[in-house]
Protein chains: 2
Amino acid sequence: MGKAYNVMAATCPSRTVLHRIGARWTVFVVNALDDGPRRFSELKGHIRGITPKVLTETLRSLEADGLISRHEYDENPPRVEYALTPLGRSLLIPLRAVRLWAEEHVPDIEAARARQPILAP
Amino acid sequence: MGKAYNVMAATCPSRTVLHRIGARWTVFVVNALDDGPRRFSELKGHIRGITPKVLTETLRSLEADGLISRHEYDENPPRVEYALTPLGRSLLIPLRAVRLWAEEHVPDIEAARARQPILAP
DNA sequence: AGATACCGGTATCAAATCCATACCGTTGCA
DNA sequence: TGCAACGGTATGGATTTGATACCGGTATCT
């Protein structure tokens with residue numbers, strides 16, 4: 001059967017899905033959960049530079065979309081673990097490729113940026 | 001040889017690369033150039049809902065990073081064509097996969113979203 | 001007993017980004 | 001003369017993102 005959705009259509013639901021994936025930190029969080037569940041502060045430490053507010057928002061969004069699961073243990077000090085769901089793990093495959101592309105092509109992009117003329121102030 | 005860059009490090013150049021990819025419209029523009037060069041208004045018409053300002057900004061950024069090229073013809077009415085560079089075409093491969101994932105998994109995500117409780121107003 | 005630290009977040013406010021809408025200069029054509 | 005095509009800008013407001021400080025509950029240290 002043919003393609004049912006088209007991200008280029010403004011009203012297509014796939015548009016909102018792709019916009020969520022394209023949110024600033026989604027790729028980082030999903031990749032960070034690549035090798036197993038992690039706690040909030042582990043994620044915060046691993047994804048250098050993310051603020052707790054943004055991490056919270058990203059995690060909530062991903063949870064609402066069924067990409068990750070949140071498991072709260074009744075312990076002290078409190079422990080909360082985030083893990084990829086099967087759906088999230090299926091997204092990890094293309095996102096891992098994007099991450100690898102970024103890590104591999106840094107020199108190319110830096111070269112292109114260096115070629116830019118400096119704008120007058 | 002091992003991995004030279006790590007997107008999880010705050011100061012790693014790959015971080016800025018990945019953030020550029022994660023900009024709201026990059027995935028759309030790169031995918032829209034999948035089957036050949038396109039003009040400004042073709043892109044604007046194809047990527048439904050993008051505003052000319054944001055399209056301009058996205059194109060300029062992608063050009064600065066060496067992912068697309070801009071060719072201005074000296075005609076009337078003016079004609080400007082945008083095309084993927086070899087580097088951009090290499091990025092297209094993972095981004096196409098992301099796009100396909102989005103188009104394929106709309107039902108899963110809509111189901112997850114429907115499972116959400118409605119928040120009180 | 002009091003002080004301090006861990007954990008998983010919020011609160012608050014500033015800055016960057018994004019969006020909607022209107023408009024512009026050049027040329028061609030009716 | 002007037003209007004349309006093209007590739008954008010200008011303006012101003014809405015939404016997202018970011019930096020920093022703080023919180024409540026418990027455990028541990030002194």
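Given the structure is predicted, the values throughout are model-derived calculations rather than measurements. Throughout, protein chains are lettered first and strands after them, A, B, ... in sequence-line order, and every chain is numbered starting at 1.
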Item checked: Nearest-nucleotide pick for B:Asn76, side chain only, options being C:dT27, D:dG18, C:dC7 -> C:dT27
Next item on the list: Determine the minimum heavy-atom distance between A:Thr85 and A:Gly66, stating which atoms define it.
Entry: OG1-O, 2.7 Å
Check: Rounded to whole angstrom units, what separation is found between the CD atom of A:Glu81 and the P atom of C:dG9?
Finding: 12 Å
Item checked: Interatomic distance where CG belongs to A:Leu55 and C1' belongs to D:dT16 [whole Å] -> 16 Å
Next item on the list: Rounded off to whole Å, could you give me the NZ-to-P distance for the B:Lys44 and C:dT21 pair?
Entry: 13 Å
Next item on the list: With the side chain of A:Trp25 defined as its heavy atoms from C-beta on, choose the nearest nucleotide among C:dC7, D:dC6, D:dT17.
Entry: D:dT17
Next item on the list: Please state how far atom CD in B:Glu75 lies from atom C1' in D:dA5, giving the value in whole angstrom units.
Entry: 13 Å
Check: Is A:Ser41 near enough to C:dG8 that one of its side-chain N or O atoms lies under 4.0 angstrom from OP1 or OP2?
Finding: yes
Next item on the list: Write down the distance between CZ (A:Arg20) and P (C:dC18), rounded to a whole number of angstrom.
Entry: 16 Å
Note to self: Taking 4.0 Å as the cut-off, does a side-chain nitrogen or oxygen of B:Arg79 come that near to OP1 or OP2 on D:dA5?
What the structure shows: no
Notebook entry, point to check: Taking atom C1' of D:dA5 as reference, at what distance in whole Å does atom OH of B:Tyr73 sit?
Noted result: 18 Å
Check: Within the distance-only criterion (no hydrogens, no angle test), does the side chain of A:Arg89 pair as donor or acceptor with the backbone N or O of A:Leu84 below 3.5 angstrom?
Finding: yes
Check: Among the nucleotides C:dG9, D:dA5, D:dG7, which one has an atom lying closest to any side-chain atom of B:Pro77?
Finding: D:dA5
Check: Does the ring of B:Phe28 carry B:Arg48 above it, NZ/CZ under 6.0 angstrom from centre and within 45° of its axis?
Finding: no
Next item on the list: Establish, with yes or no, whether the OP1 or OP2 oxygen of D:dG7 is under 4.0 angstrom from a side-chain nitrogen or oxygen of B:Arg60.
Entry: no
Note to self: Ring of A:Tyr82, cation from A:Arg38 - is the NZ or CZ under 6.0 Å from the centre and inside 45° of the axis?
What the structure shows: no
Checklist line | Closest to side chain of A:Val80, choosing from D:dG8, D:dC6, C:dG9 | finding: C:dG9
Check: What is the distance, rounded to the nearest whole Å, between atom CG of A:Leu59 and atom P of C:dT10?
Finding: 11 Å
Next item on the list: For A:Lys53 and for A:Tyr82, locate the closest nucleotide of DNA chain C by heavy-atom distance; then report the residue assigned to the nucleotide nearer the 5' terminus.
Entry: A:Tyr82
Next item on the list: Hey, which sits more toward the 5' end of DNA chain D by its nearest nucleotide, A:Arg24 or A:Pro52?
Entry: A:Arg24
Note to self: What I'd like to find out is whether the side chain of A:Val54 reaches to under 4.5 Å of the side chain of A:Trp25, using heavy atoms alone.
What the structure shows: yes
Note to self: Heavy-atom nearest nucleotide on DNA chain C for A:Phe40 versus B:Glu57: which residue maps closer to 5'?
What the structure shows: A:Phe40
Checklist line | Interatomic distance, A:Glu72 CD vs C:dG9 P [rounded to whole Å] | finding: 7 Å
